[in-house]
Visitor: 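Below: one structure in C-alpha cells.
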Amino acid sequence: LAPKPLVTSQQGDRKDKKSSSFQRPYKLSHQLLCITSINFQRRALMGYVELMLQPKKSDIRVIKVNSKQSRIHRVCVNNHEATFQYQDPSLDLAQRDPKSRNIDVLSTCHLTAVESVDPDTGYHGEITIRVPQEVSKTIKEQKPLCVSMDFTLENPKGGIHFVVPDAEGSLKERAAHLFTFGLENCARLWFPCVDTYSEPCTWKLEFTVEDSMTAVSCGDLVETVYTPDRKRKTFHYVLSIPTAAPNICLAVGPFEILVDPNMHEVTHFCLPQLMPLLEHTTETCHKVFEFFEEVLSFRFPYSCYKQVFVDEAYQDTLPYASVSVFSVNLLFSKIVLDQTPITRKHMARALSEQFFGCFMARESWNDYWVPAGIAGYLYGLWLRSTFGNSEYRDWIASETQQLCQYETTVGPVVLHNTGKDSFLGRHFPHQHPHTVSPAYYKMMRCKSHLVMRQIENRIGPQLLLQAFNKLLSLANTSAQQKVISSTWSTMLLSTAGFLKSTYSVSGKDISNLIDQWVHKGGIVRFNSKFVFNRKRNTVELDIKPDIINKGTQKYVGPLTVRVQELDGSFNHTIQIEENTTKHDLPCHSKSRRNKRKKIPLLNGEEVDMDLSFMDPDSPVLWIRIDPDVNIPRLVNFEQPDYMWQYQLRYERDVIGQSEAIGALEAFSTPATRNALTDIIENEHYYYKVRMQACKSLANTANAMVNTWTGPPAMLNLFTRFFCCDTSPPIVRMNNFSNFQQYFLQKQLPVAMSMLRNTHGVCPKEILHYLFGLIKFNDNSKNKYSDNYYRSALVDALNNTITPAVTLQSDQKVTADSMPMDIHTIVDEVTRFLNLEKHLPSYRYTITISCLRAIRNLQRNGHLPSDIELFKSYAAPGFFRDVRLAAVGCLVDVIKANKNVDELHWLLDLAREDRVAEIKYGIIRALVRNPPFQKGDKSLLNNAEIVEKLWSYINHETFYDPRLRCEAIDLYFKLFGKGRPQCLPAPQFGVVVNLKEKRTQINP
Amino acid sequence: MSSEMASEVLSPENGFRQSLTMAVAAICLECGFESTENIVLETLTEMLQSYLTEVGNGTRAYYEHSGRTIPTDKDVIYALSEMGFRNKSLLQYSRRGKRINIGQIVKTVDTSNPPVLQVGKSKGFPTYVPENHKYPHFPDPHSYIRTTTGQKPETDYVILREQASAQKRDVERALTRFVARTGRSHPLLPDDKNAFPLIEAQPHLIPYLNALLPSEHETLKLFEATNDQNNEQKEPEKDPETPSKSKNRKLKKKRPSNETTPNIDAPAQPETNTETPVVKESQPTPPVPSVIHNPYLRPVKKPKLKKKAR
C-alpha cells in the first residue's frame, strides 16, 4: 500500500524540476560486490551485493535498485528479509501499442521505458524493495541501512560476456575468460546496483575464481586467498575512491601477467600465448602516464592501473575505474607497422578517460560532454606531443568535417539539452544515452572535444589546464574523506560546475560560447567569395552564412581570415553580424612593386615563387577563412584556381593544404596536375596530405583524360621512388624504414588503379604495372611485415575492375571465357586468399581485401554471385575483421540479388551470435548499405522483414542499448518514420482512434 | 634377399628364376621323385640360387684378387673347390646316362646396359704397350680429369629477380593448388570447378591467435629485430639495481603537485605499498627493494577459516 503515494510524488517531482534538482531519499556510501562462483561451462555466476545506504529522509518505504537479467533470490534490509518487485519496461517497448509499426511511436516508448527505470531522472529502478517494518525505526533515526541481495546470472546476453571456446582441454588451455561491458551505464546487467554515474561510493569487491584464473577488477588487490579446498582462490579488491557502479568492471581469465617494467603500479594482462605481443604493445605506456601527469600537474588518481586485453570485446576500448579493457585485436608485434599508432592512440585515450570519465564522472547525461570533452582534449594534446602538430591539426580538421557532415545530413548534435523537443527532426530522442543512435553518440564525443578546444582558444591553454587541475584537486580532496558526506558531489562533473571552475580561474565568462555550441545544435556554414579592389587596395570579402540547410545555425561573432600577400601573411579578425555580409580587408602590399623578392610565409620561411600565374594587379596570393578551424564550420570559398594552387604549394599548414587539394578537384588543368605532382614528390610535406594528393591527382587525370599527355599519372613517380634504378619496371625489395615513403608506397598503386582511359576502363599499362608490382614484391630483407602493402595491392587490383562487357545471366562463366586481364586478377586473388590459409597475415588484412575483390568481381559480372563463400567466412570461428568484411559482402549480395532468405539468415545471425560486436557489425553494415530505401518496391520490403526487425528492436535486444539503437537506425533507413508501406493500412476503429489520440500514432 | 625382391620387379630375373625352378624339377625327376609340393620346389630353387650366387661371388673374389676384370675357368674351379665341391665329380655328372631335357629356356630380354654416353675422346695407350694387349680401355677422360662447368653463374639483377619471384610464385601456387585439390575446396566458378579452387575456410577455435601472432616465416624477422634491441633492453629488466632507479625517477616525477595526496616523503619503501591499511596489517613483511612489488605477483595465501564465514 505504502509505495504508491511515494512514487507519484516522485513522478510529480520529476515533472517539475526534471533531473537537475532531483534527490534520492538515500545516499549510497559503500557497496560490497561478491561473486562467489563462476561457472564457465554453463556461463553462469552467483554472488551477492550489499549496499550501505544513508537515509536522507525519515519516511523511506521502498528502496529502488537497478538490476536486469539476473535472478534475485533474496533481499534483506538490515538482516530482515524484505519483499520486492521486479519490473523492467525495456523488455517490451511497445506494449501499450502492440500493433503499431511506427518508429516514432517506438522511439517515444523507448525513451519512456529507459527513463522510467533510470535513477537519474527520478527515484527509479527495476527492483522495488519494500522496507520491512522492523527497520523503519532505523530509518527514522537516519541510521545506515544495509541492503543485501543474493543473485545468480545465467547465460547473460549483455553486460558480461563469457568467452568459452568450444575446444578440448582445460579452461586455461582454451583461454576461456569473461569480462563486463556496456554502453554508458550498463552495470545493472550483471549485478544489482544504483546504475548511475551520479551516485559514487566506496567499494569492496570479492571474486572467487578457479585456481588457474585471475580476476581483474577496480581498485587495489588487497590479497588473494585460497578457498579451504585449495581448488579456487578469492581476489579481494578495495576501491577507496568513491566510484559509480557503471565504472566497476570485472575480467576473469587465465591471464598472463606483465608488470610494466617502467612503472610497477601498472599491470598488463593478456590471454595465454600472447605475452610477446603484450610486451611490445605496452612498451610506451609509461610515457603516456608521464605526459598526462605533467600536463595536468596532477598525479594519477588511482594507486594502480590495469590494462586487460580480451577477446570478442564490445569495442576496442572500454575504460573503467583504474582498469581499461581493450580488444585483443589491438595487440601487435614488432614487425607490424600500421597498427602501432592506432593502438597507441586507443591506449592514450583510455588513460585520459581514467582522469575524466572514471575518476571524475559526469553528473547527468546532459553533462556528458564535459568529461568526454576534457578527455578528448587531453588526448589531442598527447597526440600533438607524440605524433606532431600536423597529425593533431589533421585530426581536428577531420573530426570537424565528420561532425559537419553528420549534422548537415542527419540533424543537429546537442550536447546539453534544455529544450523540450527530444527529436529535433531526427528519429531518436537524445535525452538518454540508451536511446541515441551510436553515430550520434560518436558525434557527441567528437563535438565535445571540439567545444573544449574552442574554450581553450577563448581562455588560453594554460588557464584551461589550471581549471582541470582545480577540478581534479577538489575531487581528490573529497575522495579522501572517508566519512559519508555531500562533498563527494565535487567528484562529479557538470556543465555548471565546469563553467564555475573556468570562470574562477580565468575570470572570463564563456557562457555565450556554451549557449551557442553546447545548448544548441548545428554547425556554421559560409558561402564566401572575394573581389580585389585595386583602387583602394583592399580585399572585399563577401561572407554569406547559410542558415536554411539542415543542421546549420546562425553565428554571430569574430571570425579569422588569413590573407597571404606578397609581403607576408596577415590575419584579420572580422565580426560576423546579422545584416552585413561585406567585409573590407586592407592589403599591406602594393602589387608587384619589387619583383624578384622572396615571399615571407606564415611560419617565417621566405621562398621564391613563380608569380607568373597570378593576377598582376593583385598582391593576394590566397585567402583562408577560419584557418585554424576554431568553430565547427563548413566553408565554401571561391577563389581562382591559381590561388588554390599557390595555397597548395606554399601554405605551410596541413589543413590549408588539404582544403586546397579538395578545392582543386574542380579545376582539372595541367597547372593543377603539376601542383599535385610536386606535392606528392616533395618529402617535406605531411604524408597524409601527399596521400590525399595521390587520390586527387587520379581524379584530375580522369577529368583530363582527353588532353592528358605522357604516361599515366603517378606511374613515373612510383618508378622513380620505389623501383630499381637500373631496371626500372622492377620494384625494389621492400624497405619500410622510412614511414612516410611506406605510406606513399601503399597509397600510390591504389590511386593509380583509379585511373580510367577514354573508354572508362583502367589503362592496360597500369594493370600490367600492378601485376609487376605483385610479381616482384619481395619482403625477404624487410624489417617489417608487408601485409598491409600486399592488401593495398589487392585493393588496387580491385579498383581496376570495371563492369563486364556482356552481362548474360545464362552464359556459363569459365576460366577460358574470361578476358585475359580479369583471368589474371582472379588468379592473383585466388593465390593470395589461398596462401592466407597457411601463412596468415596480421589481422588477415589480405583475406579481407580478397573477399572484397571477389565481391567486386561478382558485382561487375565477371564471376557468378556466390553467397555461400561469404556465408562461410561470416560464420563463428573466424577472426572478427574477416567476419565483418564477409558480412559487408553479404549485405551487398543481398542488396543486388534481392535475396529474402539470406536477409533472414543475416538477421538471425544478428540475433543469435555470441559476439556483441558482430551483431552490431551486421546491423551497421545494413545501415551503411541498406538493401532498399523507404518506398522502394523491393522483394525484401515485405511484412516479414518488418516484423522481424520490429521484434528485434522491441524486445529481443533489451540487453544491449547500442545494438537496439543501431537497429532503430536501420528501421528508419528502411521504412522511414511512418508506418512501413508494405504493411496493410491499420484498421480504423473507434478504439484504435481513441488510442491514437492518446499515443499519437499514425499521422 | 635383395635379389629376390628385385626378381619380382625385373623380368629378366624372373626368367632366371623360372629356369632354375625347371632345372630343379628336372633333377628331382631324374632322382626318382614323381611329384613335389610347391613350397619344397621353391625351397630347393632358393638353395640352388644361393649356391650359384655364392659361386659367382667367390669367382669374382678370385679374379679381382689377381687384378683382372674378367673371370677365367680357373677362377671358377677355385671357387667351387673353396666351397667344398669335388671338381672331378662334375665330369662324372655331366656324363650321366638318363638326362631329362628341360627344353628351351625362356628367352629373357636382352638387358645389356644402354651404351655409355661417350664424353670426350678416351686416351689411347702409351707406345710401349704392345698391340695385342688385353688391357681394358681407358675410361672417359672426364672421370679422371677436372673440367670446368659450362656456364658462369647468373649475375644479372633483372634475371635473378625474375627467377626468384617466379620460383616463389611457383612454390606458392603449387602449394595452394595442392592443398586446394587434396583438401576440401570451394570453386570460385561453379561452371569451371578446376579453374580457381579456393581452399575451404576452416573455422578456428581461437581465431585471434593466428591473426595476431606472426607466422613462422615472419618470426625469423622478429628474432632479428629483437636481437638488435636486446642489448639495450635486457639490462634494465634483469639488473637488480634498476628498479630502485626507476623508483627514484618516479618519486621525482610525483612531485608534490598534488597537495591532497598523503605525502610519501619516506624513501622507497612506503611508496610500494600505497594501498589500504588492510594490507599492512595482514602482510607486515618488509618489502625488499630489489623485488617488483605488484599485488598480482604475490603468492596466494592460505585460507583462514575466519575469513570464510561471511
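Given the structure is predicted, the values throughout are model-derived calculations rather than measurements. To find a chain, count down the sequence lines: A is the first, B the second, and so on, and within it residues start at 1.
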Visitor: First locate atom OG1 of B:Thr176, then atom CG of A:Leu835, and finally report the distance between them rounded to the nearest 0.5 Å.
Guide: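 Going from OG1 on B:Thr176 over to CG on A:Leu835, the span is 6.5 Å.
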Visitor: Taking the side chain as every heavy atom from C-beta outward, state whether A:Met818 and B:Leu189 have any atom pair closer than 4.5 Å.
Guide: yes
Visitor: Could you measure the distance from the NZ atom of A:Lys775 to the CZ atom of B:Arg169? Nearest 0.5 Å is fine.
Guide: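 Spacing of NZ (A:Lys775) from CZ (B:Arg169) equals 6.5 Å.
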Visitor: I'd like to know which of B:Gln202, B:Glu162, B:Lys302 tops the heavy-atom pair count under 4.5 Å against chain A.
Guide: B:Glu162
Visitor: Would you compute the distance between atom NE2 of B:His204 and atom CZ of A:Phe878 and round it to the nearest 0.5 angstrom?
Guide: 7.0 Å
Visitor: Which one wins on heavy-atom pair count under 4.5 Å against chain B: A:Asn777, A:Leu296, A:Asp311?
Guide: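 The candidate making the most pairs under 4.5 Å is A:Asp311.
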Visitor: Mind checking the CZ-CG spacing from B:Phe196 to A:Leu863? Nearest 0.5 Å is all I need.
Guide: 8.0 Å
Visitor: Determine yes or no for a side-chain-to-main-chain donor-acceptor pair under 3.5 angstrom, with B:Arg161 supplying the side chain and A:Phe776 the backbone.
Guide: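 Yes, the answer is positive, given that a donor and an acceptor are paired below the 3.5 Å cut-off.
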Visitor: If every non-hydrogen atom of B:Pro303 is compared with every non-hydrogen atom of A:Thr227, which pair is closest and at what distance?
Guide: CG-O, 3.8 Å
Visitor: Heavy-atom distance under 4.5 Å to chain B: side chain of A:Phe300, backbone, both or neither?
Guide: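 Contact with chain B is absent: no heavy atom of A:Phe300 under 4.5 Å.
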Visitor: If you measure from the Lys or Arg side-chain nitrogens to the Asp or Glu carboxylate oxygens, is any gap between A:Lys837 and B:Glu200 under 4.0 Å?
Guide: no
Visitor: Give a yes or no on whether the backbone of B:Pro207 and the side-chain of A:Arg880 come within a donor-acceptor separation of less than 3.5 Å.
Guide: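 No: the side chain of A:Arg880 does not pair with the backbone of B:Pro207.
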Visitor: Find out whether A:Ile730 and B:Val158 are in side-chain contact, i.e. whether some heavy atom of one side chain is under 4.5 Å from a heavy atom of the other.
Guide: yes
Visitor: Is it the backbone or the side chain of A:Leu857 that comes under 4.5 Å from a heavy atom of chain B, or both, or neither?
Guide: neither
Visitor: Is a salt bridge present between B:Lys168 and A:Asp778, judged by a nitrogen-to-oxygen distance below 4.0 Å?
Guide: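 No.
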Visitor: Between A:Pro165 and B:Leu205, what is the shortest heavy-atom contact and its length?
Guide: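 Heavy-atom minimum between the residues: CB-O, 3.7 Å.
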Visitor: Could I get the full list of side chain to side chain contact (heavy atoms under 4.5 Å, CB included) partners for B:Ser185, not counting sequence neighbours?
Guide: B:Ala180, B:Pro197
Visitor: Taking the side chain as C-beta and beyond, is there a heavy-atom pair between B:Pro214 and A:Ser785 under 4.5 Å?
Guide: no
Visitor: Under a 4.5 Å heavy-atom cutoff, which of A:Asp881, A:Val328, A:Val882, A:Leu833 has the most pairs with chain B?
Guide: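 Of the options given, most contacts go to A:Val328.
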Visitor: Could you tell me which portion of A:Ala167 (side chain, backbone, both or neither) has an atom closer than 4.5 angstrom to a non-hydrogen atom of chain B?
Guide: both
Visitor: Determine the option with the most heavy-atom pairs under 4.5 angstrom with chain A, choosing from B:Leu198, B:Leu175, B:Val179.
Guide: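 It is B:Leu198.
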Visitor: Is it the backbone or the side chain of A:Glu828 that comes under 4.5 Å from a heavy atom of chain B, or both, or neither?
Guide: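 Just the side chain, heavy atoms under 4.5 Å.
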Visitor: Start with the C-alpha gap between A:Glu223 and B:Arg298, add the side-chain angles, then the distance that decides, and say whether salt bridge (charged side-chain N to carboxylate O under 4.0 Å, His left out) holds.
Guide: CA-CA 8 Å; A:Glu223 57 180 351; B:Arg298 282 198 299 246; over 6 Å; no
Visitor: Give, as side chain, backbone, both or neither, the part of B:Leu188 having an atom under 4.5 angstrom from any heavy atom of chain A.
Guide: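 It is both, since atoms from each part get that close.
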Visitor: Tell me, side chain or backbone of A:Val266 under 4.5 Å from chain B's heavy atoms, or both, or neither?
Guide: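 Just its backbone gets close to chain B.
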Visitor: Rounded to the nearest 0.5 Å, what's the gap from CG on A:Leu271 to CG on B:Leu209? Could you check?
Guide: 8.5 Å
Visitor: Kindly check if the number of other-residue, nucleotide or ligand heavy atoms within 6.0 Å of CZ (B:Arg181) is above 12?
Guide: yes
Visitor: Out of A:Pro301, A:Cys724, A:Cys304, return the one with the most heavy atom pairs under 4.5 angstrom to chain B.
Guide: A:Cys724
Visitor: Looking only at heavy atoms, what is the nearest atom pair of A:Leu274 and B:Tyr208, with distance?
Guide: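 Looking at all heavy atoms of both residues, the closest pair is CD1-CE1, 3.6 Å.
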Visitor: A:Val164: which residues meet the side chain to side chain contact (heavy atoms under 4.5 Å, CB included) condition with it, sequence neighbours left out?
Guide: A:Phe40, A:Arg43, A:Phe162, A:Arg174, A:Ala176
Visitor: Counting only heavy atoms closer than 4.5 Å, note whether A:Arg883 contacts chain B via side chain, backbone, both or neither.
Guide: neither
Visitor: Using non-hydrogen atoms and a 4.5 Å limit, figure out which bit of B:Leu212 sits close to chain A: side chain, backbone, both or neither.
Guide: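 Backbone plus side chain of B:Leu212, per the 4.5 Å heavy-atom cut-off to chain A.
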Visitor: Near A:Asp166 CG, under 6.0 Å, is it more than 12 heavy atoms from other residues, nucleotides or ligands?
Guide: no
Visitor: For a quick test of reading the model, state the closest non-hydrogen atom pair linking A:Leu221 to B:Pro295 and the distance between them.
Guide: O-CB, 3.5 Å
Visitor: Heavy-atom distances under 4.5 Å only: say whether A:Thr845 touches chain B with side chain, backbone, both or neither.
Guide: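 Neither part.
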Visitor: Kindly indicate whether the side chain of B:His186, heavy atoms from C-beta on, has any atom under 4.5 Å from the side chain of A:Asp866.
Guide: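 Counting from C-beta outward, B:His186 and A:Asp866 do come under 4.5 Å.
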Visitor: Using 0.5 Å steps for rounding, measure from the NE2 atom of A:His838 to the CG atom of B:Asn210.
Guide: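 These two atoms lie 11.0 Å from each other.
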Visitor: Measure up the A:Tyr237 and B:Tyr296 rings against each other and bin them: parallel (under 30°), tilted (30 to 60°), perpendicular (over 60°).
Guide: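 Tilted, since the angle between the ring planes falls between 30° and 60°.
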Visitor: I'd like to know which of A:Glu312, A:Met733, A:Gln339, A:Glu868 tops the heavy-atom pair count under 4.5 Å against chain B.
Guide: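 Option with the greatest count: A:Met733.
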Visitor: Provide the closest heavy-atom pair for B:Val300 versus A:Val225 in the form atom of the first, atom of the second, distance.
Guide: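 Where B:Val300 meets A:Val225 most closely, the heavy atoms are CG1-C, 4.0 Å.
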Visitor: For the residue pair B:Ile206 and A:Glu173, what are the closest heavy atoms and their distance?
Guide: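 What the structure gives for the nearest pair is CD1-O, 4.2 Å.
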